K.L.:
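Have a look at this one before I ask anything.
This chain uses plain numbering: 1 for the first residue, then up along the sequence. None of the values given here were measured: they were computed from a predicted structure.
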Amino acid sequence: MKKNALLALVAGLFTMGAAQAGTTLDAVKARGYVICGVNTSAPGFSNANSRGEWEGLDVDVCRAVAAATLGDDKKVKFVPLTSPQRFTALQSGEIDLLSRQTTWTMTRDTTQGVMFVDAVYYDGQSFMVPKDLGVKSVKELDGATVCIQAGTSTEKTLSSYFNAHNMTFKPVVFDAVEAVQGAFLSGRCDVYTTDMSDLAGARLRAQDPSQYEILSEVISKEPMAPAVRQGDDQWFQIVRWTVNAFIEAEELGLNRENCDAQRKSSESPDVRTILGVGDDMGKAIGLDKEWSYRIIKQVGNYGDSWAKHFGPKSALNLPRGPNRLWTEGGLMYAKPIR
């Protein structure tokens with residue numbers, strides 16, 4: 001190929017890529033709201049309350065993206081999705097963002113046409129049993145009937161664990177999480193297995209939650225992360241840095257109540273930047289200078305969200321564990337916004 005023709009080809013490819021860049025942000029702005037895929041019912045993550053309003057950590061991530069891109073955290077349409085539906089909905093463009101308790105794995109990252117942005121919750125697969133079953137360890141579950149949700153990595157992890165320990169099980173599989181939980185609580189299965197946070201939420205549905213026990217063993221690593229479609233680097237960066245701003249706000253001690261005062265008085269370069277009065281980091285991702293300030297002012301910080309939905313005053317009352325900040329021995333670590 002001649003040099004001029006090669007240069008023309010490269011230029012054409014660059015132009016085509018540039019034309020495709022930012023298409024999700026353009027669509028969101030034209031539409032006036034972010035379309036966010038969430039779980040159908042998962043206390044702590046995404047759940048419609050008695051007023052029909054969506055709430056939870058995954059919901060707050062969606063609201064933070066709306067605050068950053070549209071200036072209003074309420075400009076979100078929530079689409080409840082089952083596990084088998086979630087990736088198809090994202091790939092087809094039905095949703096802009098998947099924020100639905102989805103484990104970040106290599107297979108999903110490389111074969112589903114999606115990109116995971118950053119972990120927002122570290123969990124692990126465990127087991128819940130009725131106390132009257134008399135089981136205290138997973139090793140006592142040989143031959144058990146196990147309730148599982150379809151379209152998740154749960155069954156594969158379960159099979160690997162049981163095979164490694166020369167154990168067998170009988171799966172009872174449902175698409176919707178409500179059906180799985182209902183089957184277990186009605187006695188159709190001996191055991192319910194999923195992530196520990198989901199088990200805690202399922203137990204709340206029981207007439208007497210004290211009659212159910214979550215076993216102490218954890219048999220997997222489940223880093224939960226929001227995901228976007230492949231092919232739109234700008235939108236990927238917007239969601240990634242929204243998540244990081246959400247976490248960094250907690251690291252810097254910033255919340256909805258103090259952010260305005262800190263905006264006026266703080267001399268910290270990091271604080272001033274994230275509050276929109278220091279370096280302009282918004283232009284790097286196609287947003288304005290106050291994108292991260294709006295996240296904090298309208299939604300809060302990661303720790304506030306975690307405490308509200310999972311902490312001691314919540315119905316779930318879960319230990320924060322690995323979801324603590326790195327400065328407190330946890331795994332939550334914001335990449336520097338600078």
K.L.:
Apply the side chain to side chain contact (heavy atoms under 4.5 Å, CB included) test between Leu70 and each candidate in Leu25, Val76, Val65, Val28; give the one that qualifies.
P.N.:
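Considering Leu25, Val76, Val65, Val28, a side chain to side chain contact (heavy atoms under 4.5 Å, CB included) with Leu70 is found only for Val28.
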K.L.:
Where does the angle between the aromatic ring planes of Tyr302 and Phe246 fall among parallel (under 30°), tilted (30 to 60°) and perpendicular (over 60°)?
P.N.:
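Tyr302 vs Phe246 ring planes: perpendicular.
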K.L.:
For Arg272 and Pro269, indicate whether the former's side chain and the latter's backbone hold a donor-acceptor pair under 3.5 Å.
P.N.:
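Here the side-chain-to-backbone pair does not exist.
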K.L.:
Strictly below 4.0 Å, N to O, side chains only: are Arg263 and Glu290 in salt-bridge contact?
P.N.:
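Yes.
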K.L.:
Suppose we screen for salt bridge (charged side-chain N to carboxylate O under 4.0 Å, His left out). Which residues come up paired with Arg31, at least two apart in sequence or across chains?
P.N.:
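With neighbours one apart ignored, the set is Asp96.
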K.L.:
Is the shortest side-chain heavy-atom distance between Tyr192 and Tyr212 below 4.5 Å?
P.N.:
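No, too far: nothing below the 4.5 Å cut-off.
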K.L.:
Could you check whether any side-chain N or O of Arg86 sits under 3.5 Å from a backbone N or O of Gly37, counting only pairs where one atom can act as donor and the other as acceptor?
P.N.:
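A pair under 3.5 Å: no.
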K.L.:
Would you list the pairs meeting salt bridge (charged side-chain N to carboxylate O under 4.0 Å, His left out) in which at least one residue belongs to residues 292-319, sequence neighbours left out?
P.N.:
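Applying salt bridge (charged side-chain N to carboxylate O under 4.0 Å, His left out) to every pair that reaches into residues 292-319, excluding sequence neighbours, yields Asp260-Lys297, Asp288-Arg294.
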K.L.:
Which distance, rounded to the nearest 0.5 Å, do you find between the CZ of Arg100 and the CZ of Phe78?
P.N.:
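Result: 14.5 Å between the selected atoms.
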K.L.:
Parallel, tilted or perpendicular for Phe127 and Phe162, by the 30°/60° rule?
P.N.:
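Ring orientation of Phe127 relative to Phe162: tilted.
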K.L.:
Applying ring pair (Phe, Tyr, Trp, His ring centres under 6.0 Å), which residue pairs with at least one partner in residues 254-286 are found, sequence neighbours left out?
P.N.:
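For residues 254-286: none.
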K.L.:
Has Gln298 got a side-chain atom pairing as donor or acceptor with Ala67's backbone, closer than 3.5 angstrom?
P.N.:
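Pair absent, no side-chain N/O of Gln298 close to backbone of Ala67.
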K.L.:
How close do Arg108 and Val114 get, heavy atom to heavy atom, and via which atoms?
P.N.:
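Answer, listing the atom of Arg108 first, then Val114: O-CG2, 3.7 Å.
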